[in-house]
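Heavy atoms only: backbone and side chains are in, while hydrogens, waters and symmetry mates are out.
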Amino acid sequence: MKKDFFAQLVHGAIDKAIEEKQLGELQENNFNPICEIPKNTQFGDYAVNVASLARFAKMAPPIIAQNIARYINPKGFSINTAAGFINFKLEKELLNSIVEEILDKKEFFASSNIGHGEKVNLEYVSANPTGPFHIGHGRWAALGSTLANIMNFCGYDVYQEFYINDAGNQINKLARSLELRVKELKGEKVIWEDDLYPGEYLIDCAKRYIESGEKENYADFAKADMLRLQKELLEKFRTHFDCFFSELSLYKNNEVEKCVAELDKKGKLYQKDGAIWFKSSDYTDSQDRVLKKSDGTNTYLTADIAYHKNKLERGFTRLINIWGADHHGYIPRMKAAIDALGYDSSCLEVLLGQLVNIIQNGEQMRMGKRKKMVTLDELVDEVGVDATRFWMLMRSIDTTIDFDIDLAKSQSDKNPVFYVQYAHARACSILRKATEKRIDTENKSELPALFSTEELSEIKKDTNIESLFDENQSHDSKEAAKALILKLEESKAIINAAAKLRAPYLLCKYSQELATAFHHFYNYSRVLSDDKELSKKRLAIVYCFTVILGKTLDLIGVSAPQKM
RNA sequence: GCGCCUGUAGCUCAGUCGGAUAGAGCGUUGGUCUCCGAAGCCAAAGGUCACGGGUUCAACUCCCGUCGGGCGCACCA
């Protein structure tokens with residue numbers, strides 16, 4: 001990408017400057033130049049800050065910048081220095097090379113191999129099969145699926161996994177709840193005990209149970225039914241798992257007991273108060289944890305340790321889990337377990353997502369399965385998959401989202417996602433118009449289309465847009481075209497950063513900036529005109545825009561409409 | 001009490017690695033369609049970056065402390 005290109009250039013120039021003793025007391029080039037895009041574009045398109053060399057060179061930053069810049073041969077760009085910055089401005093040759101590369105690589109323009117094929121297990125959502133998803137699950141689903149898309153695009157080998165918590169007490173409660181619903185449907189009067197699942201969704205489940213002939217036990221039927229509903233919603237929400245991993249299967253395959261035995265063998269367990277404890281405080285945990293309760297049953301942690309062991313045994317070198325912030329205290333004990341089993345716990349990366357508050361009628365509602373709540377299903381039905389995903393993704397993972405249902409419903413046309421999609425539809429419309437017949441408004445006669453479909457596909461393959469930056473173009477038009485091309489190029493840096501930092505929200509932000517750059521370009525440059533050569537070059541840029549924006553939206557799982 | 005997250009424009013949020021004049025959307029005000037989609041574009045107003053120290057040539061950014069908000073501190077899952 002261009003940032004790296006200029007950073008390398010500066011690095012090389014520093015080598016030469018040191019050789020020629022132009023950098024004072026600086027002897028060795030340990031400097032890692034970082035290229036950034038200046039906030040103020042008057043300085044340049046790209047800038048490298050060399051001021052931090054001042055303390056080693058014992059020279060003033062502006063002189064350092066000048067002395068380094070002298071060793072850079074400006075080909076396709078111009079250089080200026082100011083206040084410790086070396087600034088670069090791209091000229092038409094380099095701008096054209098960007099467009100050529102996009103036309104050549106298309107949606108893979110920003111693809112990379114920074115992941116080097118690393119085998120990553122990404123676990124997210126992992127809900128109990130006891131009821132419908134709440135809005136918070138939507139955030140984890142959107143985050144996980146998008147992160148998987150981004151990382152796969154950047155050369156990681158991501159395997160997406162959903163851990164089904166189908167082995168705890170909650171399953172007994174679910175079974176009992178279904179049983180009561182079935183009895184109710186048959187006209188029996190029942191008394192609901194505390195702590196059950198009184199949600200109405202179990203009424204439908206009970207109907208299906210009766211229809212099925214009541215052959216299965218309540219627990220198995222309810223679990224399967226809930227899981228089926230969850231899977232359907234996930235598909236609709238464009239979240240695709242490679243594997244649904246059952247907690248129960250760990251017990252059936254004796255993996256839990258084997259795991260406990262292994263920890264015991266390594267001397268990491270002890271008995272106290274009739275329970276079996278894991279010495280997690282030998283590691284970074286604040287206290288020891290119970291694995292086997294005094295009644296002989298295992299805790300949730302026990303199976304989860306076996307699960308993580310299972311993942312590592314399957315050859316994953318990196319385990320990424322997306323958890324809600326309310327689980328943060330759980331991280332040290334999990335890491336302790338991984339270390340105790342002889343693995344390196346630094347392979348476990350837990351992304352803690354802050355929670356989602358639901359705001360309705362101006363009041364905050366608690367998330368929770370047992371209280372009245374808004375389900376993800378309802379939300380998606382009301383505001384759509386695109387808007388829901390975008391809203392869930394657009395904020396950094398560290399920020400609590402206040403999801404205002406009323407706002408999302410009533411002002412959906414003010415959603416940023418519509419702004420972005422509109423830009424895409426607008427660009428597609430121009431590409432469509434290019435091959436449609438035109439109407440001469442003055443004498444109402446029909447004019448032939450500007451381009452044939454063959455010509456348009458030629459434009460999409462090969463063009464030279466350098467003339468867009470000739471003297472006869474207006475300043476605003478040139479600047480807008482340049483800004484758009486640079487913004488397109490930025491997709492490389494943004495997508496790589498999103499993969500490395502596990503930060504999907506960067507793509508939402510970028511998609512908005514890219515849309516703005518396009519609208520700006522559109523405003524200053526009439527694309528289709530009688531000047532056929534000019535139209536061709538501008539169409540090429542419009543096409544590049546649809547490719548890059550389309551791919552960006554594809555990665556975040558939001559549709560890129562041709563028409564709206 | 002301890003731990004994690006957080007405090008930036010009226011509201012919701014960006015701010016990468018410590019660098020140039022602090023950024024966007026929404027909202028407000030004023031412009032802008034005979035012409036490719038005005039769901040757009042342009043402009044204006046709006047800031048003691050919670051507060052106090054420290055490190056540095058340079059701090060919204062790093063360190064320490066104080067205050068406010070969220071979440072968690074189980075033989076629940």
Phosphate OP1/OP2 of B:rG37 contacted by A:Lys433 side-chain N/O (<4.0 Å): yes
So which protein nitrogen or oxygen atoms get under 3.5 Å of nucleotides 42-45 of chain B's nitrogens or oxygens?
from, atom 1, to, atom 2, distance (Å)
B:rC42, OP1, A:His520, ND1, 2.8

Name of the residue among A:Phe43, A:Tyr46, A:Phe6 meeting ring-ring contact (aromatic ring centres under 6.0 Å, His included) with A:Phe88: A:Phe6
Residue pairs fulfilling salt bridge (Lys or Arg N to Asp or Glu O under 4.0 Å) with at least one residue in residues 495-507 of chain A, sequence neighbours excluded: A:Glu349-A:Arg502
Between B:rC11 and B:rA50 - P atom distance, rounded Å: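 Their P atoms lie roughly 14 Å apart.
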B:rG47 to B:rC13 separation - C1' atoms, rounded to the nearest Å: 15 Å
Sugar-phosphate only, base, or nothing, as touched by [X] at under 4.0 Å among non-hydrogen atoms:
X        : answer
A:Arg526 : base
A:Leu352 : sugar-phosphate
A:Asp398 : sugar-phosphate
A:Ser529 : nothing
A:Cys35  : base
A:Tyr522 : base
A:Ala425 : base
A:Ser525 : base
A:Met564 : base

Sidechain-backbone polar pair: A:Thr463 side chain, A:Ile465 backbone, donor-acceptor under 3.5 Å: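 Checking the backbone N and O of A:Ile465 against the side chain of A:Thr463, no donor-acceptor pair under 3.5 Å is found.
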Result of checking A:Lys335, A:Arg333, A:Lys268 against A:Tyr283 for side chain to side chain donor-acceptor pair (under 3.5 Å): A:Lys268
Please tabulate the protein-to-nucleotide N/O contacts below 3.5 Å involving nucleotides 29-32 of chain B, giving atom names and distances.
none

Intra- and interstrand pairs of RNA chain B - dot-bracket, Watson-Crick/G-U under 3.5 Å, | marks other strand: (((((((..((((.....[...)))).(((((.......))))).....(((((..]....))))))))))))....
Out of B:rG37, B:rA14, B:rC35, whichever nucleotide has its closest atom nearest the side chain of A:Ser396: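 Looking only at side-chain atoms, A:Ser396 lies closest to B:rA14.
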Whether A:Tyr422 stacks on the six-membered ring of B:rG40 base, 5.5 Å and 30° limits: no
Stacking check A:Phe85 vs B:rG19 (5.5 Å / 30 deg):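 A:Phe85 ring does not meet the centre or angle cut-off for B:rG19; no stack.
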Where do N or O atoms of nucleotides 9-11 of chain B meet protein N or O atoms at under 3.5 Å, pair by pair?
none

Pick out the pairs of N or O atoms, protein on one side and nucleotides 75-77 of chain B on the other, that lie under 3.5 Å.
from, atom 1, to, atom 2, distance (Å)
B:rC75, O2, A:Ser294, N, 2.7
B:rC75, O2, A:Ser294, OG, 3.0
B:rC75, N3, A:Ser294, OG, 3.4
B:rC75, N4, A:Asp273, O, 2.9
B:rC76, OP2, A:Lys293, NZ, 2.5
B:rA77, OP1, A:Lys293, NZ, 3.3
B:rA77, OP2, A:Tyr300, N, 3.1
B:rA77, O3', A:Gln170, OE1, 2.9
B:rA77, O3', A:Gln170, NE2, 3.1
B:rA77, O2', A:Asn128, OD1, 3.1
B:rA77, O2', A:Asn128, ND2, 3.3
B:rA77, N1, A:His327, NE2, 3.4

A:Ser474 and A:Asp476: side chain donor to acceptor below 3.5 Å: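 There is no such pair between these side chains.
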Donor-acceptor side-chain pairing of A:Asn165 and A:Gln170 below 3.5 angstrom: no
